[in-house]
2 protein chains.
Amino acid sequence: MARAVKKSSKKTPSGKGVKTSGAAVQTRIDQEARGVYERIQRRQKPQMKLPIRSLSNVRYRPTPGYFQLKGKNKIRTLTVGTVKTFAQTLKMLAMSKVLIGQGKHSTKREAYYQAYNWGEAAFAAQEESDTVMDDVEAMLGVNREKLHFRADEHGGEVAGELIVIDRDRRTRERIEIDCTRFGSGAYSVPTIVEDLQFRTKAKFILAVETKGMFERLVEEDFFGEWHCILVSMGGVPSRACRRFIRRLADERNIPVYVFTDGDPYGYFNIYRTLKVGSGNAAHLNEYFCVPQARFLGVTPDDIVKYELPTHPLKDVDIKRANDAMRNDPFIQHYKKWQSAIKKMLTMGVRVEQQALAKHGLEFVAKTYLPDKLKDKSAFLP
Amino acid sequence: MARAVKKSSKKTPSGKGVKTSGAAVQTRIDQEARGVYERIQRRQKPQMKLPIRSLSNVRYRPTPGYFQLKGKNKIRTLTVGTVKTFAQTLKMLAMSKVLIGQGKHSTKREAYYQAYNWGEAAFAAQEESDTVMDDVEAMLGVNREKLHFRADEHGGEVAGELIVIDRDRRTRERIEIDCTRFGSGAYSVPTIVEDLQFRTKAKFILAVETKGMFERLVEEDFFGEWHCILVSMGGVPSRACRRFIRRLADERNIPVYVFTDGDPYGYFNIYRTLKVGSGNAAHLNEYFCVPQARFLGVTPDDIVKYELPTHPLKDVDIKRANDAMRNDPFIQHYKKWQSAIKKMLTMGVRVEQQALAKHGLEFVAKTYLPDKLKDKSAFLP
């Protein structure tokens with residue numbers, strides 16, 4: 001316990017204006033519980049206030065640079081109908097407080113099974129406990145990871161000019177992880193990155209869609225030549241991966257360039273999610289978006305310039321692109337993205353990042369990326 | 001070139017009886033090409049011999065311990081109908097020889113795009129080039145990785161008492177990667193593990209199904225207390241992950257214990273695939289299976305003993321279990337597996353590894369696994 005308090009009292013810098021130590025989260029939990037307790041003491045019905053989580057309650061502005069809640073809330077009052085959820089929410093808050101005190105983390109699934117001992121407040125299925133966890137997260141306005149809950153997901157892989165600073169589980173000794181020293185392998189990002197620290201002189205972070213391209217760039221010694229940090233997102237980046245890039249970029253003030261396939265999935269599901277977040281998790285974008293991200297490629301223009309092999313757009317691609325043009329506040333804000341998407345739709349084709357291999361395996365590292373990095377102002381916003 | 005030859009002439013120990021250096025693979029490629037060339041010189045139709053890849057051409061014996069081809073072959077002769085595939089196969093062999101010479105690796109997708117420059121022999125889709133690659137692999141009797149082709153897949157994550165020895169891409173300097181020094185993170189296994197070497201005094205390898213459980217065991221300092229190596233397979237283990245465990249277990253003579261959910265997916269898709277391989281890739285099981293693997297849990301008996309929360313078997317679970325009882329040579333060979341599966345079907349339930357959290361987060365590391373490790377003879381074969 002003493003150890004955990006010591007740990008959480010250490011200043012852990014995180015996203016701008018988001019310095020929430022373990023002790024501060026415990027205090028927030030105490031406040032919520034006290035609010036409920038005091039209303040009961042005053043013989044009033046206890047209640048909890050939660051933000052409404054949907055695209056209709058979201059706005060986009062270039063500053064701060066992510067989807068934000070407009071501020072609509074719902075109030076959950078204790079009634080016969082809500083008594084079980086109410087109890088579960090309070091128990092979940094208590095579980096989080098204990099975890100923070102112990103310096104331990106629980107997966108969402110472990111939380112569900114731990115709740116087997118809650119008697120009548122036990123969950124019927126994990127979906128129920130996940131929903132209550134989302135509520136707690138939104139209610140406290142801190143991300144789940146700070147409540148010491150984590151998902152069972154990949155955090156991405158890292159190689160390049162970066163030292164990650166962590167602690168040994170047993171000795172609490174400081175550990176320095178040198179991401180240039182993994183040969184053909186990589187550093188696997190843990191699901192909780194809140195307490196990691198960083199040392200680096202890297203000039204930029206290059207976040208790539210596929211592990212295949214990541215290993216290509218490692219094999220070509222791209223990070224050694226360009227003094228950068230490579231991150232493999234493995235498709236749509238997980239929360240851990242997005243949070244890792246965000247904290248690293250914020251704290252060391254490093255630009256972030258994104259390199260995906262040239263298709264709606266790469267543009268919206270990967271890049272847009274990384275940069276500004278998503279609608280249904282708007283209460284979290286503050287922590288998980290990377291507003292400083294810029295889109296390097298592959299762009300529709302690249303297809304022409306580099307004579308790249310393409311595939312026809314699928315119906316789902318066309319639908320996704322049209323939806324984004326009509327409904328996505330981020331795309332609507334940027335003329336350059338609208339032009340790029342119109343061009344893609346006119347050409348009727350998509351392109352994979354590995355299509356660059358048509359010109360030889362080393363082409364991406366020796367020609368394409370160096371070309372691009374010469375004129376960063378041409379990156380899409 | 002000189003560097004690559006030097007590298008490949010270095011003895012790289014691998015699976016038993018499977019010592020195939022880069023130079024040896026190049027020689028095999030030359031032999032195949034010469035066979036074709038000489039038949040043409042003799043004015044005969046050139047041909048290639050390929051093993052038939054299906055369950056009907058497979059047998060299981062406890063020694064060597066993996067599904068083996070029974071030896072049926074098909075002959076592909078050059079005709080008007082096969083001319084394109086024939087040319088593609090020869091070009092693919094040539095690409096592999098160049099890659100080995102350069103010390104580079106190509107993803108399957110990059111290989112497809114590189115073949116854009118083959119004129120009439122270019123592939124219409126990646127499925128075509130993948131099939132030709134499978135043919136080349138089966139024909140030469142070496143795994144794709146030794147031909148310097150790789151998939152775009154996860155290799156699994158590792159933490160524990162292991163030093164992985166690799167080389168720096170730029171300097172070729174020897175790199176030692178200490179897998180006890182990753183804090184809350186892990187070592188991410190690359191897709192090609194053929195040239196890795198290992199140093200360890202670990203008592204066993206514990207291969208776990210989920211990253212969530214892996215992080216639980218890291219957080220509980222399980223590997224420090226039990227002097228073992230933890231591997232997160234992330235579901236069904238990829239080829240890279242299986243090959244990594246196999247090479248490590250063979251070379252350092254370490255037992256392998258497997259810890260998955262207690263359901264047909266965990267028993268067959270994960271454990272059985274890891275241990276003996278699969279039917280449709282029987283020509284590769286020699287390299288990718290881990291015959292020394294034993295199944296630690298979660299077993300149907302554990303559900304009763306530890307009073308674990310369960311879920312009803314789904315229809316797909318029941319079908320998979322019945323299919324295995326009827327058709328799987330591995331299950332048919334082991335009475336203990338048949339009893340376990342019958343017990344599961346009678347109980348009608350499955351169990352997740354994280355269900356152990358019902359007894360507290362640390363239960364798995366402090367009680368369940370230590371209990372199990374006291375009596376390894378009770379592990380399922």
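First the proteins, then the strands, lettered A, B, ... as listed; each starts at 1. Nothing here was measured: the structure is a model prediction, and the numbers come from that model.
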- Item | Heavy-atom closest pair, residues A/Lys358 and B/Asn117 | O-ND2, 2.7 Å
- Message: For B/Arg170, is there an ion pair with A/Asp221 - N to carboxylate O distance below 4.0 angstrom?
- Response: yes
- Out of B/Ala151, B/Gly360, B/Ala355, which one racks up the most heavy-atom pairs below 4.5 Å with chain A? B/Ala355
- Message: Any heavy-atom pair between the side chains of B/Asp152 and A/Gln354 that's under 4.5 Å?
- Response: yes
- Residue selection (most heavy-atom pairs with chain B, distance under 4.5 Å) from A/Ile192, A/Thr210, A/Thr191, A/Val158: A/Thr191
- Specify which of A/Ala111, A/Gly183, A/Gly212, A/Ala186 makes the most heavy-atom pairs with chain B at under 4.5 Å. A/Ala186
- Rounded to the nearest 0.5 Å, how far apart are CZ of A/Phe363 and CD of B/Glu110? 13.0 Å
- Item | Parallel, tilted or perpendicular: rings of A/His311 and B/Tyr113 (30°, 60°) | perpendicular
- Query: Would a distance-only check, ignoring hydrogens and angles, find a side-chain to backbone donor-acceptor pair under 3.5 Å from A/Arg216 to B/His105?
  - Reply: yes
- Message: Please identify, among A/Ile175, A/Leu361, A/Ile177, the residue contributing the most non-hydrogen atom pairs under 4.5 Å to chain B.
- Response: A/Leu361
- Message: As an exercise: rank A/Glu220, A/His359, A/Lys108 by heavy-atom pairs under 4.5 Å with chain B and give me the winner.
- Response: A/Glu220
- Query: Among B/Glu173, B/Glu352, B/Glu225, B/Met213, which residue forms the greatest number of heavy-atom pairs with chain A at distances under 4.5 Å?
  - Reply: B/Glu352
- Task: Over all heavy atoms of both residues, which pair between B/Gln114 and A/Ala357 is shortest? Give the atoms and the distance, please.
- Result: CG-O, 3.4 Å
- Item | Choice from B/Gly155, B/Ser232, B/Pro309 maximising heavy atom contacts with chain A below 4.5 Å | B/Pro309
- Task: Calculate, to the nearest 0.5 Å, the distance between atoms NE2 and CD belonging to A/His148 and B/Glu219 respectively.
- Result: 8.5 Å
- Message: Please check if the number of heavy atoms outside B/Glu307 that lie under 6.0 Å from its CD is greater than 12.
- Response: no
- Is there a donor-acceptor contact under 3.5 Å from the side chain of B/Asp168 to the main chain of A/Arg181? no
- Whatever's closer than 4.5 Å to a heavy atom in chain A on B/Leu99 counts as side chain
- Non-hydrogen atoms of B/Lys211 and A/Glu153 that approach each other most closely: CD-O, 3.4 Å
- Query: So which part of A/Tyr112 gets closer than 4.5 Å to some heavy atom of chain B, the side chain, the backbone, both or neither?
  - Reply: side chain
- Between A/Tyr116 and B/Thr310, the two heavy atoms sitting closest are OH-O, 4.3 Å
- Kindly indicate whether the side chain of A/Phe182, heavy atoms from C-beta on, has any atom under 4.5 Å from the side chain of B/Asp166. no
- So which heavy atom on A/Ser184 is nearest to which on B/Leu196, and how close? OG-CD2, 4.2 Å
